[in-house]
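These notes concern the structure reproduced below.
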Protein chains: 2
Amino acid sequence: MTQRLDTILHGLEQADQHDALQRAIEALCAFYGVDHMVYHWVSSSGEQYGCGTYEDVWVERYIEKKYLRVDPVISGCYQRFHPVDWKRLDWSSKAARAFQKDAIEHGVGNQGFSIPIRGPNGQFALFSLSHNCTDDEWDAFTETNRRDLILVAHYFNKKALDLEPGRSPEPSQPLSPREIDAMTLLAVGYSRAQVAETLTISEHTLRVYIESARFKLGALNTTHAVARALARGIIVV
Amino acid sequence: MTQRLDTILHGLEQADQHDALQRAIEALCAFYGVDHMVYHWVSSSGEQYGCGTYEDVWVERYIEKKYLRVDPVISGCYQRFHPVDWKRLDWSSKAARAFQKDAIEHGVGNQGFSIPIRGPNGQFALFSLSHNCTDDEWDAFTETNRRDLILVAHYFNKKALDLEPGRSPEPSQPLSPREIDAMTLLAVGYSRAQVAETLTISEHTLRVYIESARFKLGALNTTHAVARALARGIIVV
DNA sequence: TGCCGTCTCGCCATTTTTGGGGAGTTGGAA
DNA sequence: TTCCAACTCCCCAAAAATGGCGAGACGGCA
């Protein structure tokens, strides 16, 4: 068993096209004998990527109906770190139940298990499995394979990120220590006056730092600069 | 081998105190025969947690000297999703080399391997290994154990989060769609006027959103709100 | 020695943001 | 039905941020 998984993961590591990810996910599906597996990025902005075994009709419907904002799997996973069984999510809202009904009608199983994955720049992805079976069977399956699945999910994410050129952060001029101080304090809510006082420099000097940081970060205003510094990991809050 | 690892991971799952994490990391260290292992959260603000086998002197020195801002392991891992060998990081700056020298003098090995881990609310943690050996030996070791180590790192993070009451109960009220729109556009550098125009609402209405978002996020001003929304993964840029 | 980047300071005018009020609609939940 | 959250709009005045001008000191690097 494990040997076979290793083979699939190895194949994944060698993948040089998105195509290979699709093949790998199909292989995994067959290997574990589950109805569906899906890997996809979750992002409010345009850039999207996903592969999996859901029917195209369902995928399109999901996008068209903006189910991203309804799907309890999304909202549930966004707030947690570890994998979760769909049974344990909050399906109480009317919209969620309507979504669930629609999903099952489009071939999604009654059982599910999702692994949230987080990367740099707030990147968030999901690796989900879905199947039709009883609660007990599903619990046994997820319990048995949880570790492997976590690994699989992470390998998928790594590969998907590697294959996507636009995702890697663009290098920017490094900020000077003072500039970092300024950005950091601004990010935690200090006003310019407070930052200047904290750093025991004049407010004008502070302005120079903020402006040069803004320039280096290619930012349009202070908020933008702080957002970029955060996103690029230049500052940590 | 694997059986033994399972035992350690199982012990980790049962852990109900930070103490157990410390014991687990020491056990892992002995199991793999590496000099040091460390798990710690990365955050410039107050909340800190870490456990590991570095000498206390070094840990204190690290904090005191604010090496967090210099350490290439931190900045390097922040930008990437997958584990990284310390050799592949950028040690070119003078500050980085001084840091490295200091680290080695305090018992840190010449080789290292770090696994970045990300959780909800922008949580970021590192699981690092350090050892004294040749490049070839280290490469062989990391290649062999990479998968296990990824798992170990994630189990550590899960447990550390579970044990920390102050970490998860930060369930800030979810933002409404419009509030998210506003925060997102502000984060990409739009001025209020531009955001209002983009959303085709009056600037005043926009203000209402920004203010309520600020309230929900417990932020002191717009920049702070955007920073928090980013850090918590509520918005993605 | 000259150049460059970092750190430090000041003033004025304009634009932008914020804080304080109040008010109406809609649609879903209790 | 009643209530609440979300969405929409308006005015005024104060506070904060930005743009543009200039200037000196320090330390590293070529």
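All chains are named by letter (A, B, ...) in the order of the sequence lines, taking the proteins before the strands, and each is independently numbered beginning at 1. Atom set for the values below is all heavy atoms of this structure, side chains included, hydrogens, waters and symmetry mates excluded. None of the values given here were measured: they were computed from a predicted structure.
Residue contacts shown for B:Thr222 are limited to sugar-phosphate atoms, with no base heavy atom under 4.0 Å away.
Between A:Ile234 and A:Leu217, some side-chain heavy-atom pair lies under the 4.5 Å cut-off. With a 4.5 Å cut-off on side-chain heavy atoms, A:Met37 and A:Tyr32 count as touching. Proximity of B:Leu186 to B:Val195: side-chain heavy atoms (C-beta onward) are separated by under 4.5 Å at one or more points.
When distances are taken from the side chain of A:Ile201 to each of C:dT17, D:dT8, C:dC9, the shortest belongs to C:dC9. Listed candidates were D:dG19, C:dG19, C:dT17. Nearest to the side chain of A:Arg207 is D:dG19.
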Return the polar atom pairs (N/O with N/O) between nucleotides 4-6 of chain C and the protein under 3.5 Å, or none.
unit_1, atom_1, unit_2, atom_2, d
C:dT6, OP1, A:Lys216, NZ, 3.3

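A:His40 pairs by the ring-ring contact (aromatic ring centres under 6.0 Å, His included) definition with nothing, not counting sequence neighbours. Shown here are the side-chain hydrogen bond (donor to acceptor under 3.5 Å, both in side chains) partners of A:Glu105, two or more places apart in sequence or in another chain: A:Lys101.
Every pair passing salt bridge (charged side-chain N to carboxylate O under 4.0 Å, His left out) that includes a residue from residues 198-210 of chain A is listed here, sequence neighbours excluded: A:Arg207-A:Glu211. Residue pairs meeting the ring pair (Phe, Tyr, Trp, His ring centres under 6.0 Å) criterion with at least one member in residues 83-114 of chain B, sequence neighbours excluded, are B:Trp58-B:Phe99, B:Trp58-B:His106, B:Tyr62-B:Phe99, B:Tyr67-B:Phe99.
In this structure, B:His131 and B:Trp138 have parallel ring planes: the angle between them is below the 30° cut-off, well short of the 60° mark.
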Protein-to-nucleotide contact annotation, 5' to 3' order, nucleotides 22-30 of chain D [B base; S sugar-phosphate only; - none; under 4.0 Å, heavy atom]: B------S-

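For the pair B:Thr200 and B:Asn221, nearest-nucleotide mapping onto DNA chain D gives the more 5' position to B:Thr200.
Distances shorter than 4.0 Å separate none of the side-chain N or O atoms of A:Thr205 from OP1 or OP2 on C:dT8.
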